[in-house]
A.B. asks: 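Okay, here's the structure, questions in a sec.
For ligands, and for the atoms within them, numbers begin at 1 and follow the listed sequence. Excluded from the calculations below are hydrogen atoms, water molecules and symmetry mates; all remaining heavy atoms, backbone and side chain alike, are included.
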Amino acid sequence: MPEQGLPWLPGDDILTDDEVVRLIRLAVGRLGMKKVRFTGGEPLLRPGLVDIIAACAALTPRPELTLTTNALGLTKVADALRAAGLDRVNCSLDTLRADRFEKITRRRRLDAVLAGIGAARAAGLNPVKINAVLMRGINDDEAPALLAWALHHGYDMRFIEQMPLDPQHGWNRHQMMTATEILGSIQEKFRLTPVAEEERGSAPAETWLVNGGPDRVGIIGSVTRPFCGSCDRTRLTADGQIRNCLFAREESDLRTLLRSGADDDELTRCWRTATAGKLAGHGINDPGFLQPSRPMSAIGG
Ligand code: SF4
């Protein structure tokens, strides 16, 4: 996020809770989606989140329900989310050092984030996954410490290559810590054994057993080891647009269709057509790559 923040969407642009649930019902019931992940911005800011999750948990077939969050505020809602039917959470945490946390997030909230992560585990939202992005010169030495901390607390640690989805369009390939570098850094302290590729399926993380197992660590090499060929994701934004890829430069407007009275068949057809147009890959490594105009914080992970 830029220091001055990002403009808020006008309230009317945002799907209502009923609209969100209707579209998820179509995705699950007609498009065969088995897992629903609530992302952001920050999904815990949505007042109706618990009710949306409860409605999704009542769908048939019942999808797996997960959430990606910065963990701030989880201490207050983790139990309610679990009771509503949430299965798991992914929490973003790039550092365990208070000074670095403040530099990266511009907030002195590391203790609150750690408490939120602990609340998720206590509420049974397991396995709690921790997502860290290592940035050169900022937290590039912290992989072993983060992994040791995660293992100690029983969390699943995953490191993610930084992707060009920042609002400043300041991403620099040479600043990025590559999956190979992250792996090397972890191996200075831990013995890693690769987990068989067939276990990965469409999951983004390559996984290693730590010190012979059963503990594991994941690395998501989105840029240098892209996994687009097995990607089966589709994204519905808060303002009702379908994005068939994180890096899509075009969106399909389900909100206008929905609010003009479209029936379930029309909505499903639009979503299916949007998905069929998915490109073969993100193209970050192509010379002509163009970053999408929506930043990560306006898409969700
Ligand atoms: S970049 Fe696009 S196609 Fe590739 S894994 Fe991400 S969402 Fe899927």
A.B. asks: Between the candidates Val223, Ile284, Leu246, which shows the shortest non-hydrogen contact distance to atom 6 (Fe) of ligand 1?
C.D. replies: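 When every heavy atom of Val223, Ile284, Leu246 is considered, Leu246 comes closest to atom 6 (Fe) of ligand 1.
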
A.B. asks: Do the side chains of Glu206 and Arg225 get close enough for a salt bridge, i.e. N-O under 4.0 angstrom?
C.D. replies: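 Result for this pair is yes, salt bridge flagged.
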
A.B. asks: Using 4.0 Å as the upper bound for N to carboxylate O, is an ion pair formed by Arg62 and Asp87?
C.D. replies: yes

A.B. asks: Any atoms of ligand 1 less than 4.0 Å from a non-hydrogen atom of Phe227? List them with their elements.
C.D. replies: 5 (S)

A.B. asks: Nearest protein heavy-atom contact for atom 4 (Fe) of ligand 1: which residue, which atom, what distance?
C.D. replies: Cys228 SG, 2.4 Å

A.B. asks: For His282, counting its heavy atoms only, list the atoms of ligand 1 lying under 4.0 Å from any of them.
C.D. replies: 1 (S)

A.B. asks: Going by the order shown, which atoms of ligand 1 are within less than 4.0 Å of some heavy atom of Arg235?
C.D. replies: 7 (S)

A.B. asks: Tell me the protein heavy atom at minimum distance from atom 2 (Fe) of ligand 1, and give that distance in Å.
C.D. replies: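 Nearest protein contact, heavy atoms only, for atom 2 (Fe) of ligand 1 is Cys245 SG, 2.2 Å.
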
A.B. asks: Hey, are Arg100 and Asp94 close enough for a salt bridge, meaning a charged N less than 4.0 Å from a carboxylate O?
C.D. replies: no

A.B. asks: Using 2.8 Å as a strict upper limit, say whether an N, O or S atom of Cys231 approaches atom 2 (Fe) of ligand 1 that closely.
C.D. replies: no

A.B. asks: Salt bridge or not for Arg46 and Asp17, using N-O below 4.0 Å?
C.D. replies: yes

A.B. asks: Should Leu114 and Leu96 count as side-chain neighbours, where that means a heavy-atom distance under 4.5 Å?
C.D. replies: yes

A.B. asks: Give the contacting part of Arg243 toward ligand 1: side chain, backbone, both or neither, where contact means a heavy-atom distance below 4.0 Å.
C.D. replies: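 No part of Arg243 is near ligand 1 at this cut-off.
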
A.B. asks: Looking at Glu161 and Ala179, would you say the former's side chain and the latter's main chain have a donor-acceptor pair under 3.5 Å?
C.D. replies: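 Present.
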
